[in-house]
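Scroll down for the structure; my scribbles are underneath it.
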Amino acid sequence: MNSEEPKATVNFIQEIINQDKKTNKHQGRVHLRFPPEPNGYLHIGHAKSICLNFGLAAQNNGLCNLRFDDTNPNKEDVEYIDSIINDVRWLGFDWGDRLFYASDYFEKMYDYAVSLIKAGKAYVCDLSPDEIRKYRGSFNETGRESPYRNRSVEENLDLFKRMRAGEFADGSRVLRAKIDMSSPNLNMRDPVLYRILKATHHRTGDKWCIYPMYDYAHPLEDYYEKITHSVCTLEFEDHRPLYNWVLNVLNLPDPPQQIEFARLNLTNTVMSKRKLRRLVEEGYVAGWDDPRMPTIAGLRRRGYTPESIRNFCDRIGVSKSNSLVDVRFLEHCIREDLNLKAPRVMGVLYPLKLVIDNYPGDMVEEMESENNPEDPTAGTRKIPFSRIIYIEREDFHEDPPKKYFRLAPGREVRLKNAYIIKCEGFVRDERTGEVKEVHCSYDPESKSGKAGAKRKVKGTLHWVSADHALKAEARLYDHLLLDQNEGAEEQEEEKDFINQLNPNSLKVLTDCLVEPSLAGAAPGSRYQFMRKGYFCVDPDSASDKLVFNRIVSLRDSWAKILKEN
RNA sequence: UGAGGGAUCGUCUAGUGGUAGGACACCAGACUCUGGAUCUGGGAGCGGUGGUUCGAGCCCACCUCCCUCAGCCA
């Protein structure tokens, strides 16, 4: 951590905290929480929330809990709990011994519900789900009171107890708050507090058959954990009066404050759990950790560093206006991070054979190469060089376009860390007409480091020695969606986003060649393939077959020139 | 047509009555044994109309547009 770093601008939540500290609200404590429901994998949008909550806690000498909001056994699973814990930890955050579950509070919540009934603030309602909806009214039409609204406290207590005892079928009864059926805020029209769900809960098993609703459970969870600032996303804004109602009617001291911020949207991808699930279940991607997925697991496998994700989240800011962040900003963050950290290596994605005719056939030289020009402490390594090498197919052009600096008949280029070579000719495949091999001569005086090396040539190419190179597979990823925006057409049926899937989001190259120093590279290790991009060794990699994921390409000004023409 | 929110360069975000700033993206140039990185420069913005004020992105009024809400999901 660099203390010289320009201080992140104070966001509106930090301003609220500053204000609260000034007035000694919550005795100056700052306590937040990240409360995921264990019903799916975390994605980059969650990362924003995680960084916000844990970050605010850290900045303010406060605490941040990890809490599973597991109040709906029908949708949740331990599989997700494990992955969420793993992901938050991987991002670099620590909740100490404060890992909590809403389900641990069920008994206390039940007791509070009983006191709500006793206070005449809640009642058991026998209306069907459909009837409840009809009674609720609409935007323009006030709601009607349930015929069960004025049951006696005794009857409500009895019925609620029997709900818990399992006497009634799913959906037959609910516990409702008694608030105001004519409220302009639909959330306040006697919202459901408890429903009957005869489902096995992943933590409490069959102990319960009634489960609290989010609006009732969440303020209590926050209260139990002495949360001071309960940060959530914008769609809960309308629920804040209800959040406050629960805390208020129960007369709970030092209540937490709910604060809403805008969730993250990213261009060229999808973020909703529903859509991500579709991609996985319908086989558009290989799984939740497919490197094209915006999930934490996907980004991790792709090769993103936790630092780059945290940095991204810190830099996009926090506000209440809906936003759509350009995915290129995320890509900038990983390039920036890896530029400083990733060792440089040479890897040829589309190999083209090149013979240096005047180089002795039995000679092998060890060429010295910097591991990272951005990091002098990274050291150097030796790379074998010989008469037959492979270069990138696109680095030779028999009829070079304008501004093309690379190899072409009669032209000279430098081989990185080796010699200047001159193209003397090429051989075509008789059948396909494709260039099969290129013939060159080299200038022995031009070896890197020698006096004769000072000669300037336009281009520098990466290469690998044919006899020494390792075979490798490279998986090149591109954006999942062609279209910029998932937000704009959101209303359209989901087919819409399937139509926008990028057919070229994955390209698998099985005949790549990489320098021998990569032998045994461990899964997860990251490299810059010079002039090509940043790559990460995939878990599929084996000793006899290296597999690399392209994290992100290098910025490519030649590609831009090409695009213009 | 109810309620709650929101509108500042293409994008994200500062600015809290006193010269609209940064980042990404884009464009141009320098440098380069990575067409990378780095460096320099550039274009680009206050939704609209009135009002208050010496002075308004900021305060007031009206308007426009966008988002969220009618789950026994969270």
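Below, chains carry the letters A, B, ... as their sequence lines are ordered, and counting in each starts from 1.
Ring pair A/Y194/A/Y216: centre-to-centre distance below 6.0 Å.
The residue among A/F12 and A/G137 whose nearest nucleotide of RNA chain B is located toward the 5' end is A/F12.
The residue A/N140 sits close to a base: some heavy atom pair falls under 4.0 Å. Across all strands, A/L197 comes closer than 4.0 Å to no nucleic acid atom at all (heavy-atom distances). If you check every strand for non-hydrogen atoms under 4.0 Å, A/P36 touches nothing.
Of the nucleotides present, B/rC60 is the one that pairs with B/rG50 by Watson-Crick or G-U wobble criteria, both distances under 3.5 Å.
Judged by distance alone with a 3.5 Å cut-off, a donor-acceptor contact links the side chain of A/R406 to the base of B/rG35. With hydrogens and angles ignored, a donor-acceptor pair closer than 3.5 Å exists between the side chain of A/Q528 and the base of B/rU34. Within 3.5 Å, no donor on the side chain of A/E235 pairs with an acceptor on the base of B/rG5, nor the reverse.
Side-chain N/O atoms of A/K320 include none lying less than 4.0 angstrom from OP1 or OP2 on B/rG4.
Here B/rG35 is the nucleotide among B/rG35, B/rC73, B/rA3 with the atom lying nearest to any side-chain atom of A/I561.
Around NZ of A/K450, the count of heavy atoms belonging to other residues, nucleotides or ligands within 6.0 Å exceeds 12.
Between A/R173 and A/E167, none of the side-chain N atoms (NZ, or NE/NH1/NH2) sits under 4.0 Å from a carboxylate O, so this pair counts as no salt bridge.
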